[in-house]
Structure formats: C-alpha cells, structure tokens
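To start, the structure under review is shown below, and the notes come after it.
Just the heavy atoms: all of them, side chains too, but no hydrogens, waters or symmetry mates, feed the values below. In the text below, chain A, chain B and the rest are named by the order of the sequence lines, each starting its count at 1. Given the structure is predicted, the values throughout are model-derived calculations rather than measurements.
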2 protein chains.
Amino acid sequence: MSRVLVVDDDPQLSRALRITLRAAGYEVETAGDGRTALRDAADQHPDLVILDLGLPDLDGTEVLAGLRPWFTGPVLVLSARADSQDKVGALDAGADDYVSKPFDMSELLARLRALQRRGTPEPEDPIVRTDHFTVDLAARQVTVDGVVVRLTPTEWGLLSALVRTPGRLVSQRQLLQSVWGPAYQKETHYLRVYMGQLRRKLEPDPAQPRYLHTEPGMGYRFTP
Amino acid sequence: MSRVLVVDDDPQLSRALRITLRAAGYEVETAGDGRTALRDAADQHPDLVILDLGLPDLDGTEVLAGLRPWFTGPVLVLSARADSQDKVGALDAGADDYVSKPFDMSELLARLRALQRRGTPEPEDPIVRTDHFTVDLAARQVTVDGVVVRLTPTEWGLLSALVRTPGRLVSQRQLLQSVWGPAYQKETHYLRVYMGQLRRKLEPDPAQPRYLHTEPGMGYRFTP
DNA sequence: ACAGATCCTGACGAGACCTTGACGCCCGGC
DNA sequence: GCCGGGCGTCAAGGTCTCGTCAGGATCTGT
C-alpha cells in the first residue's frame with residue numbers, strides 16, 4: 001500500500017483525485033498550498049507526490065526545490081499549461097513526470113505505476129541508530145535509552161532533515177527551507193531554538209553535544 | 001556519455017533525433033524495425049531506449065515485452081496516437097514515459113534527463129585526497145591524518161575554491177571574489193591571513209607548504 | 001469556547017569569527 | 001648597499017553568531 005501526497009488548490013480536482021487514487025489502492029493525503037505541502041511531506045514521508053504547479057502561495061518550482069534536497073520518491077507534476085518551456089523547467093527542477101490538464105485519469109494512474117515500478121527498491125534501513133538514541137524515519141518515532149520520546153512536528157522535521165545525511169553538513173538555508181519553507185531562509189534564530197530543544201531531548205549532555213554538532217556560520221551536522 | 005538506442009521506421013524523424021541527441025551529448029544508435037531493435041539492444045546494451053510504437057514488423061508492445069525481461073534501463077515510448085488506452089497499455093507493458101507526436105525536442109530531452117536522473121540516484125561524494133589530508137566537498141568536512149579538523153566559513157570557502165581545480169593556479173582576484181564578493185578584489189591581505197591559517201591546520205610543515213603553494217604576484221595553487 | 005500543547009519572538013551573556021594594523025623576512029631593482 | 005613591494009605571522013579590537021530562557025501568540029483537539 002503506497003502513500004501519495006496530492007498538492008492542489010482546486011478542491012474539486014483534489015477530491016476527484018482522492019477518490020480515484022483511493023479506489024486504485026493508494027493511501028491519500030492532500031495539501032492545498034505549498035507551505036503545508038512541504039510540511040506534510042516532511043511529516044508523513046509519502047511514497048510519491050502529485051504536485052499542481054498553480055498554487056496560491058508558492059511557485060511550483062519552489063515547492064520542488066524545497067522537496068528535492070531530501071525527498072527521493074517520484075514527483076508527478078500537474079499543470080494547466082502545456083507550454084514546452086514549463087515542462088522543461090519543471091522536469092529539470094526535479095519532477096519525474098509532467099501531465100497537462102485536462103488529463104485522463106487512467107493515464108495518470110498508469111504513469112504513477114510506471115514511476116513506482118522504477119522508483120522504490122528502497123533497500124535503505126530507515127532506522128538511524130546511535131549509542132544513545134534511535135530514530136525510526138518510517139515510523140516517525142524516536143527512542144532515547146529505549147524510552148519513546150515525543151517530538152513536536154517542527155522538532156521532527158528538523159531532526160529528520162539532519163539524520164537523513166549522517167556525517168554531512170546541512171546548511172542553515174537547507175534546514176530552514178525544508179522545515180519552514182523557502183520564505184524562511186533567513187530565520188536562523190528558529191534553528192537555534194529548536195536545535196536546543198532537540199539536544200535537551202536527545203543528547204546525553206545537552207551542553208556539550210555529541211551527535212548534533214554546530215558548524216558556526218555554516219549549519220549543523222549529525223555525526224553517528 | 002550515455003548511449004541511447006533510437007527505434008523508429010521514419011528515416012526523417014530518426015535523423016532529426018540522431019542530430020539532436022548527438023548535440024546533447026549522447027552516443028546514438030538507430031534501428032528501423034522491431035527485430036533489429038531487439039538484436040541491437042542485446043548487442044550494444046544501451047543506457048536508454050527511445051521506441052516508436054509504429055513499427056513495420058512488430059507491434060511496439062511486443063518490442064517492449066522482448067526488451068523488458070533483461071533490459072533494466074529507461075524506455076521512452078514515442079507514438080503518433082494520443083489515445084489514453086494506448087498510453088496505459090505501453091506504460092503498463094514496461095515503458096517509463098510516453099510522448100505523443102508531434103513533440104517538442106527540448107521537452108523530449110528534459111524527459112530523458114529526468115529518466116536518467118532516476119536511474120542513477122547515487123552521485124558519489126567528490127572527495128579530494130592527498131597523503132596528509134582529505135577534503136569532502138559534499139559533506140563539508142576535512143580530515144588531517146584521519147582526524148576531523150574544524151574550519152571556519154571563510155577558511156572553508158577559500159579551501160574549496162582552491163581544491164576544486166587541483167594543480168591549476170587560481171588568481172588572487174578569483175579567490176577574493178568567490179569568497180568575499182566582488183567588492184573585495186583588492187584585499188589581498190585577507191588571503192595571506194587565511195592561507196596562513198589553512199596551512200597551519202592542514203600542512204605537515206606550515207613553514208614549507210607542500211600542497212598550498214604561493215605564486216607570488218599571481219595567486220595560489222593546490223597541488224595534490 | 002476552553003485547555004493544553006506548540007510555535008514565535010525578544011533580550012542577554014558568552015564565545016567564535018573577521019578585520020585590521022604592526023612587524024620582520026625575502027627578493028629584485030636601482 | 002639601499003630601498004620598496006609582496007609575503008607571512010601575530011595579536012587585539014569589534015562584530016557577528018550561538019545558546020538559553022521566558023512570555024505571549026497561535027494552533028489543536030475536545
């Protein structure tokens with residue numbers, strides 16, 4: 001059973017997609033604008049995303065840009081525009097397929113099947129372990145010394161963005177963009193606050209972090 | 001350089017595709033009917049296949065069926081027919097994308113890029129190594145004799161600008177511009193200070209640099 | 001509508017970082 | 001030999017960034 005996130009601001013189309021996809025055996029979540037789309041994607045980790053380019057708040061390519069740093073599943077773009085340049089732009093921004101409206105539902109489903117067939121061998125272990133805590137990316141659960149710890153959605157978004165690339169530095173802009181959205185790239189204060197909370201919940205000694213390291217002026221790094 | 005097999009019985013379109021794909025950096029082979037297509041594919045093991053459904057000898061889905069048991073690369077299907085049922089049939093038979101004629105070349109190229117991107121999702125980390133230290137550009141991490149060394153943002157900017165072009169001289173203006181910005185092209189003093197810090201952190205003997213060389217009056221050079 | 005959780009925002013001390021100036025060295029030109 | 005320019009080193013000042021705390025705004029579920 002695959003989970004799909006539908007991002008569209010047209011309630012009618014959104015509803016039609018939900019019904020069709022449910023009937024085809026997908027679990028469906030929907031988002032009405034770009035910000036909630038990025039957030040929901042980070043929260044729920046869908047297997048694939050259907051993204052309408054005509055959103056009220058963000059440009060479709062901005063959503064793609066926010067998604068792509070960490071989201072590895074297929075993204076199918078819907079658009080009312082059939083212009084070739086739009087297609088090229090979206091595809092090069094990271095979309096895997098591009099379907100112009102109006103479209104045929106059965107074709108959409110076939111394209112989703114084709115994307116999935118290629119997309120997810122996923123041999124990756126979605127569980128990140130350290131000596132002190134484990135992060136289960138699929139179940140969205142964190143345990144510290146065997147005890148389950150509750151994280152808020154924001155804390156989880158930040159943590160998962162970090163532990164997905166162990167040992168790699170993640171820039172402040174990347175973190176802000178993937179957790180709060182592209183418009184928040186300057187709000188580095190948020191990072192300080194929430195990194196503090198994460199350290200208090202996860203680190204054995206929050207004052208001297210062992211796993212969630214700061215690289216001053218650049219970003220943060222998770223070292224297992 | 002990827003190799004692509006074009007299967008089409010229309011010589012004119014075939015030729016146009018060959019020219020366009022060559023210009024885009026592909027190696028191109030062509031086949032005019034289904035049987036030679038299957039044989040060529042088996043012989044040459046192309047990275048991807050562009051398959052026209054309207055072939056003289058075999059039905060397009062038959063070619064797909066013959067290809068798919070062993071060919072794992074992406075297959076993009078071309079067709080004169082825009083009927084949804086055809087698309088669904090081809091996609092479910094193993095095609096990864098379906099483009100109706102007439103089509104736009106730039107869109108086709110973009111779709112090929114999208115297909116290829118998905119095929120090889122693991123671009124390995126670009127790591128620069130010397131006998132004494134390694135620079136991991138993607139992870140933004142430097143190790144000296146196996147020990148992680150912390151760099152400040154400015155130090156990192158300078159170092160990465162240098163090691164990206166091993167053996168090549170990088171002028172002072174280039175360095176200043178790429179690290180501090182266009183307004184700082186005269187501040188050569190900055191370079192002396194920070195090159196000194198880098199040498200102290202990376203060189204086995206900072207007084208006699210082995211990797212970070214000065215070219216008086218010109219710039220600096222990283223020699224592996 | 002209410003209660004609790006969660007998020008945003010501002011202030012402040014501590015520390016890291018960047019900039020700047022001074023000084024000595026080496027080398028080539030006069 | 002004397003001089004000047006480019007280079008390397010060092011240290012100190014000022015600026016920016018980081019971590020922390022807490023109060024108020026906002027959201028969520030009942």
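- Using a 4.0 Å heavy-atom distance criterion, B/Y220 is classed as a sugar-phosphate-only contact.
- Remark: B/K201 engages B/E155 in a salt bridge, criterion side-chain N to carboxylate O under 4.0 Å.
- Nearest nucleotide to the side chain of A/P216, out of C/dT20, C/dC17, D/dC7: C/dC17.
- Nucleotide D/dC7 holds its P atom 15 Å from the CZ atom of B/R221, rounded to whole Å.
- Taking the six-membered ring wherever Trp is involved, the centroid distance between the rings of A/W156 and A/Y194 does not fall below 6.0 Å.
- OP1 or OP2 of D/dC18 sits under 4.0 Å from a side-chain N or O of A/R192.
- The side chain of A/T154 places an N or O atom within less than 4.0 Å of a non-bridging phosphate oxygen (OP1 or OP2) of C/dC7.
- Going from atom NZ of B/K201 over to atom C1' of C/dA16 covers 11 Å, rounded to whole Å.
- Within the nucleic acid shown, B/T188 has no heavy atom closer than 4.0 Å to any nucleic acid atom.
- The side chain of A/Y190 approaches C/dC8 more closely than any other nucleotide in the set C/dC8, C/dT20, C/dC7.
- A straight line from NE2 of B/H213 to C1' of D/dG6 spans 19 Å, rounded to a whole angstrom.
- Rounding to the nearest 0.5 angstrom, the gap separating the OG atom in B/S160 from the CG atom in B/D136 is 12.0 Å.
- Summarising the geometry, the separation between CG on A/L191 and C1' on D/dT20 is reported as 15 Å, rounded to the nearest angstrom.
- Heavy-atom distances to DNA chain C give each of B/Y194 and B/H189 a nearest nucleotide, and the one nearer the 5′ end belongs to B/Y194.
- Here B/W180 reaches the OP1 or OP2 of C/dT19: one of its side-chain N or O atoms lies under 4.0 Å away.
- If you check every strand for non-hydrogen atoms under 4.0 Å, B/Q172 touches sugar and phosphate atoms only.
- Nucleotide D/dG19 holds its P atom 12 Å from the CD atom of A/E203, rounded to whole Å.
- Between C/dT6 and A/R150, a contact under 4.0 Å exists linking OP1 or OP2 to a side-chain N or O.
- Remark: B/R221 CZ to B/T223 OG1 distance equals 7.5 Å, nearest 0.5 Å.
- The aromatic rings of A/Y211 and A/F133 sit perpendicular, their planes meeting at an angle over 60°, well past the 30° parallel limit.
- Relative to the side chain of A/V193, the nucleotides C/dC18, D/dG19, D/dT20 differ in distance, and D/dT20 lies closest.
- The distance between atom CE of B/M218 and atom C1' of D/dC7, rounded to the nearest whole Å, is 16 Å.
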I would like to know whether A/D97 and B/R111 meet salt bridge (charged side-chain N to carboxylate O under 4.0 Å, His left out); could you show each step before the answer? CA-CA 7 Å; A/D97 202 346; B/R111 284 186 181 274; 2.6 Å; yes
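- We find that CD of B/Q197 is positioned 11 Å from C1' of D/dT9, with the value rounded to whole Å.
- Applying the 4.0 Å criterion to OP1 and OP2 of D/dG19, one finds that A/R199 has a side-chain N or O inside that range.
- Residue A/L198 contributes atom CG, which lies 13 Å from atom P of C/dT6 at whole-angstrom precision.
- The phosphate of C/dA16 has neither OP1 nor OP2 within less than 4.0 Å of any side-chain N or O from B/T152.
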